[in-house]
Amino acid sequence: MKVPSPGESITEVEIAEWLVEDGDYVEKDQAIAEVDSDKATLELPAEESGTITLKAEVGDAVAVGAVVCLIDTGAAKPKGSAKKEPETPQAELKEEPKKEEKPAAGKETYASGTPSPAAKKILDEKGVDASTVKGSGRDGRITKEDAVNAVPSMGTPTGGNRGETRSKLSMLRRKVAERLVSAKNETAMLTTFNEVDMSPIFELRKQYKEPFKEKHGVGLGFMSFFTKAVVRALELFPAVNSMIDGKEMISYDFCDISIAVSGPKGLMVPVIRNAENLTFRGIESEVKRLAIRAREGEITIDEMTGGTFTITNGGVFGSMLSTPIINPPQSAILGMHNIVERPVVKDGAIAIAPVMYVALSYDHRIIDGKESVGFLVAVKEALESPEELLMGNDVQKALEM
């Protein structure tokens, strides 16, 4: 079997895990390995049934088209082997502990480094290992004075574990790291912040959430409102929906919105294509579909390729405020955060409202401050007046009720 091409521009993959062992019999289309590319983790299915011989180790970088295993298609499928009776374990021979012989009175001796009972109590309280203390008593005995003067070798003793483990970063994680560092080093990234009173959206969801779900089979979440608000703002400020390519600026007349999704192998960013043409139901359905595929490891390279703008929601993890990093080659990213009841001023009086802080990180090389601030204000306005600005003053029609 040769490594298939998982997508355009990918030249090699890394063996993340073999799901079978050398010499196993595998069935056709059975998942035999997980391979990491620089964009996703994918399963490698067996092309035929037979006995497998592995030709690559876990962690090996393998070129697309290279042989990773052999399958002997002529091998017969083995019948279930009879269970072996568990062997009766032999009796363990245990050496009887030697009884401690008490020295004659007046002739007490200690092995080198042995603490007296009083010294041992002090060392235990301080968390100091007796083997690290040099005794000043007879035959190297650790005296009470030695224990009092003993100093822990480092830090505050806790008696807890101090182990560490090392594991190799997957190709996907390494590529994400490279892209994040590249975004920081190669863009003039700035972030602007604002806050959104989510009361109007809360009221709409309270009234329509259940009938929306009953009719369409998906929930009426926050992502459809934010996606709609972003599409509107991108149309008002097209520079935010643009990218730099060398000495040129590429602007798009469509909105492919990338949504950050936490998957089993890390962060993935599938794309909602032509979001400007989708209804609330269409957006919610696509978000659900992509999120499920990402969590189950079924997302494809094509579903994560492209995107003209990204939305990330750290609020699901409890983030109050953050500075999201641009997803290159895009020029901007919107960060959502958790919703907290805060005191706000409404009509000259203090009231309590559900408030979300939002952040827009943008590439200042292509987006000016006026455009970035104007974009985020447009998002805020749409979220605080959704019936007028996102639903055309017809909620029933917008939600296809």
Side-chain angles (χ1 to χ4, degrees), residues 190-216 218-234 236-237 240 257 259-262 275 279-281 283-284 287-288 291 309-325 332-362 369 372-401:
L190 293 178
T191 305
T192 182
F193 304 94
N194 217 315
E195 62 180 13
V196 178
D197 181 352
M198 299 289 288
S199 299
I201 293 178
F202 269 46
E203 290 299 319
L204 285 170
R205 293 182 74 241
K206 181 179 179 181
Q207 183 176 355
Y208 293 100
K209 185 176 181 180
E210 290 305 320
F212 185 88
K213 186 173 184 179
E214 289 178 7
K215 181 171 183 179
H216 303 303
V218 290
L220 180 60
F222 296 111
M223 189 58 74
S224 55
F225 288 95
F226 272 81
T227 303
K228 285 280 188 181
V230 162
V231 168
R232 174 180 176 272
L234 289 174
L236 293 173
F237 298 92
V240 183
I257 307 300
I259 53 171
V261 176
S262 180
T279 62
F280 280 84
R281 176 184 61 83
I283 293 172
E284 293 293 351
V287 168
K288 180 180 179 180
F309 185 91
T310 296
I311 300 175
T312 179
N313 185 6
V316 296
F317 305 111
S319 172
M320 181 191 77
L321 190 62
S322 66
T323 304
I325 298 180
I333 179 172
L334 178 70
M336 301 166 58
H337 300 89
N338 61 1
I339 301 170
V340 178
E341 288 192 340
R342 305 182 190 278
V344 298
V345 177
K346 292 186 177 182
D347 301 323
I350 295 178
I352 301 299
V355 173
M356 176 192 285
Y357 294 141
V358 290
L360 177 76
S361 292
Y362 61 98
S372 63
V373 173
F375 176 92
L376 197 55
V377 169
V379 170
K380 170 185 169 69
E381 291 173 344
L383 295 173
E384 292 183 341
S385 303
E387 291 189 39
E388 176 188 355
L389 300 180
L390 300 180
M391 297 177 164
N393 291 314
D394 191 341
V395 178
Q396 295 278 344
K397 183 179 179 181
L399 299 181
E400 303 172 88
M401 305 302 293

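- In this structure, N338 contributes its side chain and G318 its backbone to a donor-acceptor pair below 3.5 Å.
- Residues Y362 and S372 come closest through the heavy atom pair CZ-OG, 3.2 Å.
- Ring geometry for F309 versus F375: interplanar angle of 30 to 60°, hence tilted.
- The CG atom of L389 sits 9.5 Å away from atom CG of L383, with the distance rounded to the nearest 0.5 Å.
- When all heavy atoms of S319 and S322 are compared, the pair lying nearest together is OG-CB, 4.0 Å.
- A heavy-atom distance below 4.5 Å is found between the side chains of K228 and I283.
- The side chain to side chain donor-acceptor pair (under 3.5 Å) contacts involving residues 199-208 comprise D197-S199, where partners must be two or more places apart or lie in separate chains.
- Between I352 and P343, the closest side-chain pair of non-hydrogen atoms falls below 4.5 Å.
- Here the side chain of R232 pairs no donor or acceptor atom with the backbone of V379 at under 3.5 angstrom.
- I257 approaches A275 most closely through the heavy-atom pair CG1-CB, 3.7 Å.
- In this structure, the side chain of E284 engages the main chain of S224 through a donor-acceptor pair within 3.5 Å.
- Formation of a donor-acceptor pair under 3.5 Å by the K215 side chain with backbone atoms of E400 is found in this model.
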Report the C-alpha distance between F280 and M391 in whole Å, list the side-chain angles of each, state the deciding distance to 0.1 Å, and finish with yes or no for side chain to side chain contact (heavy atoms under 4.5 Å, CB included).
CA-CA 9 Å; F280 280 84; M391 297 177 164; 3.7 Å; yes

Yes or no on side chain to side chain contact (heavy atoms under 4.5 Å, CB included) for L360 and F193, after CA distance, side-chain angles and deciding distance?
CA-CA 6 Å; L360 177 76; F193 304 94; over 6 Å; no

Report the C-alpha separation of T312 and L334 in whole Å, then their side-chain angles, then the decisive distance to 0.1 Å, and conclude whether the side chain to side chain contact (heavy atoms under 4.5 Å, CB included) test is met.
CA-CA 6 Å; T312 179; L334 178 70; over 6 Å; no

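- Minimum heavy-atom separation, I311 to M223: CG2-SD, 4.1 Å.
- Between N194 and V377 the shortest side-chain heavy-atom distance falls below 4.5 Å.
- Just one residue in the list H337, K380, M336 forms a side-chain contact (heavy atoms from CB on, under 4.5 Å) with V196, and that residue is K380.
- Between the NZ atom in K209 and the CD atom in E214 there is a gap of 12.5 Å [rounded to 0.5 Å].
- Two residues are said to be in side-chain contact when any heavy atoms from C-beta on lie closer than 4.5 Å; F212 and V218 meet this criterion.
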Please lay out, stage by stage, how T227 and F225 fare under the test side chain to side chain contact (heavy atoms under 4.5 Å, CB included).
CA-CA 6 Å; T227 303; F225 288 95; over 6 Å; no

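- Side-chain contact between V355 and M198 is absent, with no heavy atoms from C-beta onward closer than 4.5 Å.
- We find the CZ-CG distance between F222 and N313 to be 9.0 Å, quoted to the nearest 0.5 Å.
- Between the side chain of S385 and the backbone N or O of A382, no donor-acceptor pair lies under 3.5 Å.
- L390 contributes atom CG, which lies 10.5 Å from atom CZ of F226 (distance to the nearest 0.5 angstrom).
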